[in-house]
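Because only heavy atoms are used, hydrogens play no part in the values below, and waters and symmetry mates are left out as well, while side chains stay in.
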Amino acid sequence: MNTVATKSTLLGRMEGLQHVPTIPAVLTPLLRYLEQPVEQLDVQKVTDMIAQDKSLAVQCLHMANSPLFGRWQKVDSLRGAIVGLGFHRLSDIAMSCGVLNMMPKDSNGAGIDPVVFWEHSLGCALVCRRFARQISYPDSSKAYLAGLLHDLGIIVNLWALPKEFRSAYEFARTQGIPLHEAEQFILGFTHCESGRLLADKWELAPDLREVVSQHHSLQPTHEHAGLVAIVELSDLLCRVSGLNYGYVENRQVNLLEQPGFAVLSQQCKGLKDLDWARLTFEMDSYMDEVRALVSAIYRK
């Protein structure tokens, strides 16, 4: 395959973003509004903003009732969800629901089950949030969002180059190698590069752009290396567990030897006290709920 031509084709198709969906219109002003101090936020205004998108509102309410987001008593209204979960947890949920519907509905034709992809992304977001809290990283909500969005480039590849991406995915699956390595071999670039194109188009925050483009090639001296490191390690934990891309990678992994571990050892004192066995156990406990939740929301 001519990898130069493939990359050129991707860039051409990405130019007008005719093949890639945008996030729901309500999310941009909602997330911007929620950046304000909590004391300046108004419950009814947030409720009204989400309610503008009826599909998003229904999905948010469904997710708000999941134990994954801390609710053990049923809530039956958006306002109740906001009051019960808090503004920023609702922000996590709204963004999760918004991006869930961006995968092409026929992406099974590209060799990857969209439900499996979103199980990985949501699972990674949850692990990032838990990991960040356990090592006293200052912004666990940002860690959640970074984990949710880290694989945006896979969406780009599925929309812009479905046949070529299928070849890369099948190569990764049959060889039991990481997907980004197969993409580099077959396409000549990875979802990190195509994801950066979309992140730039969306004007995501600089730290999220760095996560999207560098979670497989961490640069320890870069400004947001700590956040990238959390995603790198959480992504790896998910890929070697049941929250992978639908296949098992044939390799042994030592998290203590990953670049991200060295970065976090310098930045987060809480890392030395981290109970890895407990984190892994908690991640395993997420699996059934993540699968049920993604399936219910995505297939609606």
Side-chain angles (χ1 to χ4, degrees), residues 22-102 121-122 124-150 152 198-212 223-228 230-231 234 267-268 270 293 297:
T22 56
I23 56 177
V26 68
L27 281 183
T28 300
L30 172 66
L31 295 175
R32 189 174 297 123
Y33 179 72
L34 289 171
E35 289 176 358
Q36 299 180 89
V38 174
E39 60 271 15
Q40 296 180 23
L41 300 177
D42 179 73
V43 171
Q44 191 57 49
K45 183 167 183 176
V46 174
T47 303
D48 292 343
M49 292 173 79
I50 296 177
Q52 292 175 35
D53 187 323
K54 288 183 170 53
S55 175
L56 181 65
V58 169
Q59 291 179 338
C60 282
L61 193 56
H62 189 110
M63 190 174 276
N65 277 291
S66 166
L68 291 173
F69 290 88
R71 288 301 298 176
W72 298 96
Q73 293 183 328
K74 184 176 176 60
V75 292
D76 56 10
S77 69
L78 274 179
R79 185 182 178 91
I82 295 169
V83 171
L85 294 172
F87 289 110
H88 293 294
R89 185 61 59 84
L90 214 286
S91 171
D92 292 345
I93 289 174
M95 193 65 186
S96 301
C97 293
V99 299
L100 268 172
N101 294 307
M102 289 172 46
S121 294
L122 180 58
C124 186
L126 291 163
V127 173
C128 282
R129 185 177 70 194
R130 185 61 179 162
F131 188 15
R133 286 176 177 167
Q134 290 196 352
I135 63 175
S136 301
Y137 182 77
D139 192 344
S140 60
S141 185
K142 176 58 71 75
Y144 176 93
L145 189 57
L148 182 72
L149 299 177
H150 75 285
L152 277 182
L198 185 57
D200 288 344
K201 184 71 176 180
W202 282 2
E203 299 182 346
L204 293 182
D207 52 359
L208 293 176
R209 298 190 203 196
E210 201 168 301
V211 165
V212 168
E223 181 179 1
H224 306 294
L227 182 62
V228 179
I230 288 174
V231 175
S234 299
Q267 295 190 12
C268 300
L293 187 58
I297 290 177

Do other residues, nucleotides or ligands put more than 12 heavy atoms under 6.0 Å from the CD atom of E203? no
Find the distance between CZ (F87) and CG (L30) and round it off to the nearest 0.5 Å. 10.5 Å
To the nearest 0.5 Å, how far apart are CZ in R79 and OG1 in T47? 6.0 Å
I82 and side chain to side chain contact (heavy atoms under 4.5 Å, CB included): which partner among V46, V75, L41? V46
To the nearest 0.5 Å, atom NZ of K45 lies from atom CG of L34 at 10.5 Å
Has S96 got a side-chain atom pairing as donor or acceptor with D92's backbone, closer than 3.5 angstrom? yes
Measuring from L145:CG to C128:SG, what's the distance to the nearest 0.5 Å? 10.0 Å
Side chain to side chain donor-acceptor pair (under 3.5 Å) between D48 and Q52, worked out: CA-CA 6 Å; D48 292 343; Q52 292 175 35; over 6 Å; no
Taking atom CD of Q36 as the centre, report whether more than 12 heavy atoms of other residues, nucleotides or ligands fall under 6.0 Å from it. yes
Qualifying residues under side-chain hydrogen bond (donor to acceptor under 3.5 Å, both in side chains), relative to E39, sequence neighbours excluded: none
What do the steps show when you test Y144 against L122 for side-chain contact (heavy atoms from CB on, under 4.5 Å), and what is the final call? CA-CA 9 Å; Y144 176 93; L122 180 58; 3.3 Å; yes
Is a donor on one side and an acceptor on the other found under 3.5 Å between the side chain of Y137 and the backbone of Q267? no
On a heavy-atom basis, which atom in C60 and which in A94 lie closest, and how many Å separate them? SG-CA, 3.6 Å
Can you find a pair of side-chain heavy atoms, one from H150 and one from C124, that are under 4.5 Å apart? yes
Does Y33 reach the side chain of T28, with side-chain heavy atoms less than 4.5 Å apart? no
Please examine the side chains of V212 and L198, heavy atoms only from C-beta on, and report whether any two atoms are closer than 4.5 Å. no
Do you know which two heavy atoms are closest between V211 and A146, and how far apart they sit? CG1-O, 3.8 Å
CG/D139 to CG/L227 distance, rounded to the nearest 0.5 angstrom? 8.0 Å
For F131, does its backbone N or O pair with a side-chain atom of Q134 as donor and acceptor, under 3.5 Å? no
State the CH2-CG distance between W202 and L27, to the nearest 0.5 angstrom. 9.0 Å
